[in-house]
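Report on the following structure.
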Amino acid sequence: MSLSCSPGSDAIRAQASCCDDHDPHSLPVPVALARIQTAVQPVAASEQVALRAALGRVLAADVVSPIDVPAHVNSAMDGYAVRAADLPDEGTVTLAVVGTAFAGAAWDGRLASGQAVRIMTGAVLPEGADCVVMQEQTEREQGGDQEGGQDRVRIGRGHRAGQNIRLAGEDLKTGETVLAAGRRVQPADLGVLASLGVAEVRVRRRLRVAFFSTGDELRSIGEPLAAGCVYDSNRYSLYGMLSRLGVELIDMGVVRDDREALQAAFREAAACADAVITSGGVSVGEADFVKDTLLSLGRIDFWKLAMKPGRPLAFGRLGEAVFFGLPGNPVSVVVTFYQFVQPALRRMMGMNAVQPVTLQVPTLARLKKRPGRTEFQRGVLEQRDDGSMAVRPTGDQGSGILSSVSRADCFIVLAADSSGVEAGDTVTVQPFEGLF
Ligand code: AMP
Ligand code: MG
């Protein structure tokens with residue numbers, strides 16, 4: 001009889017989760033996070049890369065504008081460049097059209113009183129002009145014999161000096177810091193840098209991150225699943241999360257619960273990576289050799305965290321590399337990665353913004369919780385009829401229910417001292433889009 005189908009399984013589940021929420025020896029989440037953040041440093045090395053290759057990379061130095069953008073005063077509209085003083089307060093005025101200014105092909109004259117120049121968006125504003133009137137607000141009159149063959153334009157009231165004009169340097173000024181060191185380059189940043197004529201930028205060296213799973217019960221995809229075994233899913237979650245961060249990945253596969261094999265893997269990882277991440281084997285089970293092995297090789301702390309899911313976490317150094325020993329439970333891996341590993345890796349990458357974005361929204365359902373541990377429940381953000389956002393939990397929140405993460409699009413963060421919230425109460429959420 002399978003346990004999950006047995007009539008007593010709810011009772012077992014309730015019992016298993018009822019007695020463990022207050023532990024005076026466990027470390028509060030904010031304390032663990034602060035310790036980790038102060039223990040890691042940005043990689044010092046940097047490299048010069050071509051503009052396109054900078055997407056997703058972290059700037060190692062401020063980018064200072066070498067030019068004004070735009071470089072010259074120009075028109076924001078297709079229309080007529082005029083002198084505002086020529087325009088009427090009442091009725092209309094008729095001006096002589098003396099030329100045309102195109103983007104990239106300026107009109108070289110000087111505009112005199114009574115004259116207008118036909119002007120296109122982006123064209124340099126002719127000297128003497130101080131106002132652009134939209135084409136739609138004018139009436140063109142073809143020049144006849146009586147007008148000496150010259151076209152004229154009729155313009156009414158309601159215009160002022162400076163309208164529809166883009167000033168030189170109004171976007172970016174020469175000498176201004178355009179993008180600060182520590183910024184992860186976004187798509188629009190590439191456009192901004194291109195607008196400055198910047199062909200290359202200096203970025204931090206890409207972080208190298210080695211990771212592997214530990215456990216005798218783990219099977220890799222493609223292998224048959226023997227009784228009592230599970231497929232190694234943590235390495236795939238980690239692959240996805242690390243790929244999104246833009247680090248260089250060193251996937252070291254599955255390592256058995258065996259001292260020698262673990263020692264060899266830790267040594268190899270530490271020799272080639274800035275950070276080493278493992279899952280499993282950090283709790284107090286009989287086959288949890290990771291602890292002894294790490295203590296013999298590096299400076300590692302083993303923490304019991306006041307959080308759910310994800311209680312055990314190992315953190316420290318293996319040689320020069322920073323080490324994170326995540327718990328084995330698949331949900332705990334994702335939660336501890338986003339709460340501790342990602343902020344630390346972001347800092348090591350040289351990023352300024354390392355913490356997840358949070359929102360305050362009402363919950364659509366009651367959330368049960370005991371005081372004692374910070375909980376990261378999984379939720380789905382929903383748009384309500386009035387357009388505002390709210391969050392709904394994704395059902396079973398067990399630490400082995402990985403599908404609860406895959407169905408979710410945010411974490412619902414419940415503070416350690418919370419004893420649950422009622423439907424309609426405001427909760428803090430971390431949207432995955434701001435994290436992943
Ligand atoms: P451990 O922390 O090693 O005691 O593992 C805790 C639970 O997570 C056990 O049920 C393991 O089978 C499971 N687990 C550990 N590593 C993995 C993995 N890489 N993929 C899927 N499940 C795992
Ligand atoms: Mg294990």
Side-chain angles (χ1 to χ4, degrees), residues 2-4 9 12-13 16-17 20 23 26-27 32 209-243 249-266 269 275-295 300-316 323-341 373 376 378 396-408:
S2 106
L3 186 63
S4 62
S9 64
I12 291 171
R13 210 178 291 146
S17 63
D20 56 1
D23 181 345
S26 62
L27 205 57
V209 181
F211 61 108
F212 57 88
S213 299
T214 71
D216 282 343
E217 78 281 27
L218 302 181
R219 293 293 174 270
S220 293
I221 297 171
E223 290 177 0
L225 205 56
C229 291
V230 294
Y231 282 120
D232 168 19
S233 61
N234 290 344
R235 219 153 35 88
Y236 289 84
S237 302
L238 282 169
Y239 167 86
M241 298 186 289
L242 289 166
S243 296
L249 303 180
I250 305 158
D251 182 346
M252 295 179 56
V254 174
V255 179
R256 301 278 158 238
D257 291 321
D258 168 271
R259 282 174 215 281
E260 261 115 68
L262 282 168
Q263 255 195 14
F266 283 130
V276 178
I277 304 172
T278 64
S279 70
V282 288
S283 49
V284 293
E286 300 268 308
D288 291 333
F289 297 131
V290 171
K291 188 168 185 171
D292 293 347
T293 311
L294 285 169
L295 287 174
I300 315 286
D301 281 331
F302 292 85
W303 294 337
K304 228 194 263 178
L305 298 171
M307 70 187 280
K308 188 177 172 183
R311 193 191 301 244
L313 182 80
F315 172 71
F323 176 80
F324 300 92
L326 307 185
N329 278 315
V331 180
S332 307
V333 166
V334 178
V335 175
T336 51
F337 181 91
Y338 282 120
Q339 302 311 317
F340 302 108
V341 183
R373 298 198 268 168
F376 296 89
R378 276 72 69 202
D396 194 338
Q397 298 286 326
S399 65
I401 314 284
L402 188 54
S403 58
S404 73
V405 185
S406 142
R407 272 197 303 273

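Whatever order the structure lists them in is the order used to number ligands and atoms, beginning at 1. The shown structure was predicted, so the numbers you read here are calculated from the model rather than taken from an experiment.
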Judged by non-hydrogen atoms, does E217 sit under 4.0 Å from ligand 1?
yes

So which heavy atom in the protein is nearest atom 4 (O) of ligand 1, and how far is it from that ligand atom?
S283 OG, 3.9 Å

Just to be sure I read this right, does ligand 1 sit under 4.0 Å from the backbone of V282, its side chain, both, or neither, counting only heavy atoms?
neither

My understanding is that only residues two or more places apart in sequence, or in another chain, count here; which of them pass salt bridge (Lys or Arg N to Asp or Glu O under 4.0 Å) with R259?
D292

min-distance protein heavy atom vs atom 19 (N) of ligand 1 -> D232 OD1, 2.7 Å

Looking only at non-hydrogen atoms, the one of P312, S220, G328, G215 nearest atom 2 (O) of ligand 1 is G328

Nitrogen or oxygen atoms of P330 and ligand 1 under 3.5 Å apart:
no

Would you call L218 and N234 a side-chain contact if the rule is heavy atoms closer than 4.5 Å?
no

Side chain, backbone, both or neither: which applies to S233 and ligand 1 if a contact is any heavy-atom pair less than 4.0 Å apart?
both

Looking at side-chain heavy atoms only, is the closest gap between L262 and V290 below 4.5 Å?
yes

Under a 4.0 angstrom heavy-atom cut-off, which atoms of ligand 1 come close to S213?
19 (N)

Quick test of your reading of the structure: of N329, V254, V333, D216, whose heavy atom lies closest to atom 10 (O) of ligand 1?
N329

I'd like the name of whichever of C229, G281, S332, G325 reaches closest to atom 1 (P) of ligand 1 through any heavy atom.
G281

Shortest protein heavy-atom distance from atom 17 (C) of ligand 1, along with the residue and atom involved
N234 ND2, 3.1 Å

Taking the side chain as every heavy atom from C-beta outward, state whether T214 and D257 have any atom pair closer than 4.5 Å.
yes

Residues forming a side chain to side chain contact (heavy atoms under 4.5 Å, CB included) with I221, sequence neighbours excluded
Y236

Indicate the atoms forming the closest heavy-atom contact of F340 with M307, along with that distance.
CE1-SD, 3.4 Å

Enumerate the atoms of ligand 1 whose separation from the nearest heavy atom of Y231 is less than 4.0 angstrom.
20 (N), 21 (C)

What orientation do F315 and F324 show, parallel under 30°, tilted 30 to 60°, or perpendicular over 60°?
tilted

Between F376 and Y338, ring centroids under 6.0 Å:
no

